[in-house]
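Okay, so here's the structure we're looking at.
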Amino acid sequence: QVQLVESGGGSVQAGGSLRLSCAASGYTYNSWCMGWFRQAPGKEREGVAAIDSNGRISYADSVKGRFTISEDTAKNILYLQMNSLKPEDAAMYYCAEDPFFVRCRRSPLDGSLYKDWGQGTQVTVSS
């Protein structure tokens with residue numbers, strides 16, 4: 001029921017930074033998980049970072065120390081700050097939201113649990 005629209009993707013050289021945004025509109029859940037996921041051609045979807053309505057944050061091991069997830073509650077925007085980008089970070093990045101907090105809080109980086117998805121924003125990293 002929530003509509004999600006990603007933006008901020010683009011092309012950057014290795015070592016550079018990008019900040020992705022996900023604007024949420026429509027129905028607002030009271031309890032939720034929101035996350036960033038990525039998928040490169042021929043590869044499985046990977047959970048990158050997630051945050052829930054209790055404030056818990058999770059990161060994939062591959063991005064810890066480089067990526068930061070945050071939320072602007074007043075603007076209903078989810079962010080992903082990506083620093084020290086590597087060629088292996090190149091992918092289509094999606095944001096997602098799930099209202100079933102009891103289940104998603106247990107595995108916040110499992111994309112199969114999420115209900116609402118954006119259309120994605122492309123990130124390209126050149127070496």
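- Val125 is not connected to Met92 by any chain of hydrophobic side-chain contacts under 4.5 Å among Ile, Leu, Val, Met, Phe, Trp and Tyr, and they are in different clusters.
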(request) Would you sort out whether Arg38 and Val63 count as a side-chain contact (heavy atoms from CB on, under 4.5 Å), showing the intermediate values? (result) CA-CA 12 Å; Arg38 66 188 182 188; Val63 306; 4.0 Å; yes

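- We find the CD1-CH2 distance between Ile51 and Trp36 to be 12.5 Å, quoted to the nearest 0.5 Å.
- Residues Met34 and Val2 have side chains not in contact (no heavy-atom distance under 4.5 Å, counting atoms from C-beta outward).
- Using a 4.5 Å cut-off on side-chain heavy atoms (C-beta onward), Leu4 and Leu78 make no contact.
- Nearest heavy atom pair, residue Ile57 against residue Ile69, reads CG2-CG2, 3.5 Å.
- Residue Cys33 holds its SG atom at 14.0 Å from NZ of Lys115, rounded to the nearest 0.5 Å.
- Separating the OH atom in Tyr114 from the SG atom in Cys95 is a distance of 11.0 Å, to the nearest 0.5 Å.
- When all heavy atoms of Gly47 and Ala60 are compared, the pair lying nearest together is O-CB, 3.3 Å.
- Residue Tyr59 holds its OH atom at 10.5 Å from NZ of Lys64, rounded to the nearest 0.5 Å.
- Between Phe37 and Trp117, the two ring planes are tilted [angle within 30° to 60°].
- The existence of a salt bridge linking Asp89 and Lys86 is excluded, since no basic side-chain nitrogen approaches an acidic carboxylate oxygen closer than 4.0 Å.
- With a 6.0 Å radius and a threshold of 12 heavy atoms from other residues, nucleotides or ligands, Glu88 has its CD atom above the threshold.
- When all heavy atoms are compared, the tightest approach of Glu46 to Ser62 is OE2-OG, 3.1 Å.
- Contact record, Met82 with Leu20: CE-CG, 3.7 Å, taken as the closest heavy-atom pair.
- The minimum heavy-atom distance between Pro87 and Ser127, with the atom names listed, is CG-CB, 4.1 Å.
- For the salt bridge (Lys or Arg N to Asp or Glu O under 4.0 Å) test, no residue two or more places apart in sequence or in another chain qualifies with Lys43.
- Using a 4.5 Å heavy-atom cutoff, the side chains of Ser17 and Asn83 are in contact.
- Of all non-hydrogen atoms in Pro108 and Ser58, the two that sit nearest each other are CG-OG, 3.3 Å.
- The distance from the CZ atom of Arg105 to the CG atom of Leu113 is 13.5 Å, given to the nearest 0.5 Å.
- Counting heavy-atom neighbours within 6.0 Å of Arg56 CZ, excluding the residue itself, gives a total of 12 or less.
- At most 12 heavy atoms of other shown residues, nucleotides or ligands fall within 6.0 angstrom of atom CD in Gln3.
- The CG atom of Asp98 lies 12.0 Å from the CH2 atom of Trp32; values are rounded to the nearest 0.5 Å.
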(message) Please evaluate residues Arg45 and Tyr94 with respect to the criterion side-chain contact (heavy atoms from CB on, under 4.5 Å), reporting the C-alpha separation (whole Å), side-chain torsions for both, the decisive distance (0.1 Å), and the verdict.
(response) CA-CA 10 Å; Arg45 182 176 60 196; Tyr94 302 89; 5.6 Å; no

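- Side-chain N or O atoms of Gln119 include none that pairs as donor or acceptor with a backbone N or O of Val5 at under 3.5 Å.
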